[in-house]
Amino acid sequence: MPEMTTKDHDKDLTSLRERMRHSASHVMADAVLQMFPEAKLAIGPSTEDGFYYDFQVSHPFTPEDLETIEARMRNTIARGLPFLREEIDREEAHRMFSQQPFKLEIIDELPPGEAITIYRHGDFVDLCRGPHVDSTGQIGACKLLSIAGAYWRGDESRSMLQRIYGTAFESQEALEEHLKRLEEAQRRDHRKLGREMELFIFDPIAPASPFFLPKGAVIYNLLIEYVRGLYQRYGYQEVITPQVYSTELWKRSGHYDNYIENMFLVHIEEREYGVKPMNCPGHALMYASRMRSYRDLPIRYADFGRLHRYERSGVTHGLTRVRTFSQDDAHIFCTPDQVHQEVENFIEMLLESYRLFQFPDVRVALSLRPEKRVGDDAMWDRAEASLEEVLRAVGLPFDLKPGEGAFYGPKIDFFVPDALGREWQLGTVQLDFALPERFDLEYIAEDGSQQRPVMVHRAMLGAIERFMGILIEHYGGAFPVWIAPVQAVVIPIADRHLEYARLVEKRLKERGIRVEVDGRSERMNLKIRQAQLQKVPFMLVVGDKEAASETLAVRLRSGQDLGPRPLSEALALIQDAIDSRA
RNA sequence: GCCAGCGUAGCUCAGUGGUAGAGCAGCGGUUUCGUAAACCGCGGGUCAAGGGUUCGAAUCCCCUCGCUGGCUCCA
């Protein structure tokens with residue numbers, strides 16, 4: 001027998017948990033049926049770190065119900081009932097699930113000839129492909145977590161079911177560890193940190209619209225400044241465009257037909273205007289403002305313009321889904337031949353920035369032609385192939401998402417998870433064949449003919465707001481020094497050290513370091529504690545010794561005490577940390 | 001938009017039909033201190049908004065707004 005490797009062990013554990021959780025969902029459905037015999041069962045799979053089951057019941061589940069269900073589940077688990085697999089034929093399946101319309105729907109969609117399997121434990125039976133653990137006794141420690149609504153088949157036009165989420169682990173310790181991780185993640189929640197660190201606020205007077213406080217604005221502007229630096233190297237030109245356009249523009253761009261319910265409209269002097277949800281039509285106008293030669297291409301217009309989108313109530317979320325934001329948006333106008341190189345250059349720039357921020361779990365998706373689309377198949381073939389080639393050329397693993405592309409072209413999206421593992425789209429690069437058509441964009445080719453350029457929409461960080469939200473959670477508020485809103489706090493021990501503290505402040509400010517002096521008549525311990533909570537990278541303590549010797553006692557937010565350092569050395573230390581962007 | 005939950009002081013929260021509370025923060029004072037919370041005192045509320053039930057509502061009901069967790073959506 002070969003020795004079992006860690007990898008095998010992980011795989012076994014994953015498979016055990018999957019079977020256990022799937023089994024737990026059956027046990028939960030059993031408990032729900034005991035309490036509500038008229039409940040209709042939908043589906044109950046295992047998930048990344050738990051399971052759920054969807055039910056249709058007229059009685060809305062309450063938190064108390066959850067406790068009762070959990071108690072019944074524990075009872076079933078304690079009884080150690082075996083899971084029994086059976087194969088049945090279609091007719092029998094119909095009979096068996098005659099009271100379960102959702103199950104009937106699933107049965108009818110199974111390809112003919114495929115075996116129909118059911119799993120039993122005790123008196124409960126469910127249509128199910130399996131696999132399960134051998135007996136309910138093997139389920140381990142489980143806990144129900146929340147109640148949510150979910151559409152049958154994920155279809156908004158069909159009934160809303162009640163979903164119960166839960167999780168199960170092989171041991172009580174593993175379960176508790178998981179719950180602790182969740183709590184830990186909640187401490188990193190950017191909404192909580194944003195308030196505590198005075199980065200931004202929200203006010204119901206402008207729902208889903210952040211107000212960036214001075215410290216938040218520092219980070220916001222530094223991100224933009226960073227992107228500007230990249231643009232300089234990668235050949236982008238920044239432009240500034242209007243905020244509000246007559247709806248004639250949105251009719252021409254197609255937004256009026258496809259996006260109007262997400263737009264803020266204003267009526268002035270009997271004319272209708274739309275606040276821009278995107279920059280692209282404005283850039284198309286600039287492109288079209290003069291004759292273009294193939295020699296001018298590619299043209300790369302970058303725009304940090306503020307966008308407004310009326311996101312449906314219920315979908316907004318802290319900084320990560322807002323109604324007003326700006327993106328590191330740019331549009332590249334190029335010849336079809338240049339598309340590959342442009343997309344590749346963009347991905348290179350994007351990966352450079354993601355490396356800087358040390359995102360460990362970037363997921364890449366290539367979205368292909370949707371059913372409703374513009375352009376002929378040959379064009380889509382070329383466009384999709386071109387994006388796929390680039391991904392292979394740069395060696396990025398990616399998921400294919402058929403049907404998920406924009407109506408105007410295929411796209412590559414970059415997703416990064418928040419503290420709780422929810423994925424958010426940050427970067428995107430989209431090919432667009434529709435807008436150049438609608439705006440009649442042209443360039444004169446080498447042979448003198450008029451040609452249609454391709455438009456590439458692309459954003460690297462995506463919405464700065466969303467990016468900041470992810471960044472806050474990623475670092476738990478302890479930003480790298482170059483981006484920390486306050487890089488150093490000078491902490492005088494007693495009032496008599498204030499004068500020297502001010503001198504230190506002056507020296508740091510001369511270097512452009514973002515420094516504050518905590519000059520309150522408070523104890524040093526309190527000042528250190530508060531600087532720690534604010535995650536300030538450098539705490540510079542000054543007392544009698546330091547004032548006398550022109551030194552600083554340097555403390556890091558890790559808790560490490562570097563002891564007294566000459567002023568010049570401390571300055572160099574901070575400067576290095578900033579310059580390295582680490 | 002849909003399902004469910006929540007909304008009490010700046011923040012975190014207690015208060016389930018009978019006079020609105022605590023801690024932190026804030027303000028005033030005392031303390032001048034060596035690496036994560038000194039001490040004493042004082043203010044602070046349209047209990048989200050509106051309507052209803054009741055002798056009486058933070059508490060029960062209706063409606064609106066906002067937030068949270070999901071679902072759908074993310075052009």
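In the text below, chain A, chain B and the rest are named by the order of the sequence lines, each starting its count at 1. Small disclaimer: the values here were computed from a predicted structure and weren't measured.
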With E473(A), which of H190(A), R188(A), R187(A) fulfils side-chain hydrogen bond (donor to acceptor under 3.5 Å, both in side chains)?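 Single side-chain hydrogen bond (donor to acceptor under 3.5 Å, both in side chains) partner of E473(A) among H190(A), R188(A), R187(A): H190(A).
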
Looking at [N], which nucleotide sits across from it as a Watson-Crick or G-U wobble partner, both distances under 3.5 angstrom, or is there none?
{"N": "G41(B)", "result": "C27(B)"}
{"N": "G50(B)", "result": "C62(B)"}
{"N": "C73(B)", "result": "none"}
{"N": "G5(B)", "result": "C67(B)"}
{"N": "A57(B)", "result": "none"}

Mind checking if [X] touches a base, just sugar-phosphate, or nothing, with heavy atoms under 4.0 Å?
{"X": "R312(A)", "result": "base"}
{"X": "R557(A)", "result": "nothing"}
{"X": "A463(A)", "result": "nothing"}

Kindly give the atom pairs (protein nitrogen or oxygen, nucleotide nitrogen or oxygen) under 3.5 Å for nucleotides 31-35 of chain B.
residue: U32(B); atom: O2; partner: D495(A); partner atom: N; Å: 3.0
residue: U32(B); atom: N3; partner: D495(A); partner atom: OD1; Å: 3.3
residue: U32(B); atom: N3; partner: D495(A); partner atom: OD2; Å: 2.7
residue: U32(B); atom: O4; partner: D495(A); partner atom: OD2; Å: 2.7
residue: U32(B); atom: O4; partner: S521(A); partner atom: OG; Å: 3.3
residue: C33(B); atom: OP2; partner: R496(A); partner atom: NH1; Å: 3.2
residue: C33(B); atom: OP2; partner: R496(A); partner atom: NH2; Å: 3.0
residue: G34(B); atom: O6; partner: D544(A); partner atom: N; Å: 3.0
residue: G34(B); atom: O6; partner: K545(A); partner atom: N; Å: 3.2
residue: G34(B); atom: N1; partner: E546(A); partner atom: OE1; Å: 2.8
residue: G34(B); atom: N1; partner: E546(A); partner atom: OE2; Å: 3.3
residue: G34(B); atom: N2; partner: E546(A); partner atom: OE1; Å: 3.4
residue: G34(B); atom: N2; partner: E546(A); partner atom: OE2; Å: 2.5
residue: U35(B); atom: O3'; partner: R555(A); partner atom: NH1; Å: 3.4
residue: U35(B); atom: O2'; partner: R555(A); partner atom: NH1; Å: 3.1

Cation-pi, F102(A) ring and K40(A) (6.0 angstrom, 45 degrees):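 Not flagged: K40(A) not positioned over aromatic ring of F102(A).
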
Taking the same atom, [atom1], in [N] and in [M], what whole-Å distance lies between them?
{"N": "G7(B)", "M": "C33(B)", "atom1": "C1'", "value": "43 Å"}
{"N": "U31(B)", "M": "G69(B)", "atom1": "C1'", "value": "48 Å"}
{"N": "G51(B)", "M": "C63(B)", "atom1": "C1'", "value": "8 Å"}
{"N": "C6(B)", "M": "C40(B)", "atom1": "P", "value": "38 Å"}
{"N": "A37(B)", "M": "C2(B)", "atom1": "P", "value": "49 Å"}
{"N": "C55(B)", "M": "C62(B)", "atom1": "C1'", "value": "22 Å"}
{"N": "U53(B)", "M": "C60(B)", "atom1": "C1'", "value": "8 Å"}
{"N": "U54(B)", "M": "C42(B)", "atom1": "P", "value": "43 Å"}

For RNA chain B, whose closest nucleotide is more 5', that of R321(A) or that of L420(A)?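 Going by which nucleotide is closer to the 5' end, it is L420(A).
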
Name the residue closer to the 5' end of RNA chain B, choosing between F61(A) and S313(A) according to the nucleotide with the nearest heavy atom.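 Mapping each residue to its closest nucleotide by heavy atoms, the 5'-most match is S313(A).
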
Among C71(B), C73(B), C11(B), which is the nearest nucleotide to the side chain of R195(A)?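 Selected nucleotide: C11(B).
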
Nucleotide of G69(B), U72(B), G70(B) approaching M160(A) most closely (side-chain heavy atoms):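 Within the option list, the nearest is G70(B).
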
About how many Å separate CG of L33(A) and CG of L41(A), when rounded to the nearest 0.5 Å?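 The distance works out to 4.5 Å.
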
Roughly how far, to the nearest 0.5 Å, is NE2 of H331(A) from SG of C280(A)?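 Rounded to the nearest 0.5 Å, the SG-NE2 separation comes to 4.0 Å.
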
Taking only side-chain nitrogens and oxygens of Y165(A), does any of them come within less than 4.0 Å of OP1 or OP2 of C71(B)?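 For C71(B), OP1/OP2 do have a side-chain N/O of Y165(A) under 4.0 Å.
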
For C67(B), take OP1 and OP2 only and decide whether either is under 4.0 Å from a side-chain N or O of H317(A).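 False: H317(A) side-chain N/O out of range (4.0 Å or more) of C67(B) OP1/OP2.
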
Please give me the minimum heavy-atom distance between L441(A) and P453(A), naming the atom from each residue.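 Shortest heavy-atom separation between L441(A) and P453(A) comes out as O-CD, 3.2 Å.
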
Any residue meeting side chain to side chain donor-acceptor pair (under 3.5 Å) with E465(A), in chain and number order, not counting sequence neighbours: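 Only Y220(A), R306(A) meet the side chain to side chain donor-acceptor pair (under 3.5 Å) criterion with E465(A).
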
Under 3.5 Å, is there any donor-acceptor pair linking the side chain of Y151(A) to the base of G70(B)?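 Answer no: no donor N or O sits under 3.5 Å from an acceptor.
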
ring-ring contact (aromatic ring centres under 6.0 Å, His included) with F55(A): which residues, sequence neighbours excluded?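 Partners of F55(A) by the ring-ring contact (aromatic ring centres under 6.0 Å, His included) criterion, ordered by chain and then number, come out as Y53(A), F61(A).
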
When you measure from the side chain of R565(A) to the backbone of L562(A), do you find a donor-acceptor pair of N or O atoms at a distance under 3.5 Å?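 Here the side-chain-to-backbone pair exists.
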
What is the distance, rounded to the nearest whole Å, between atom CD of Q162(A) and atom C1' of A4(B)?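 That distance rounds to 8 Å.
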
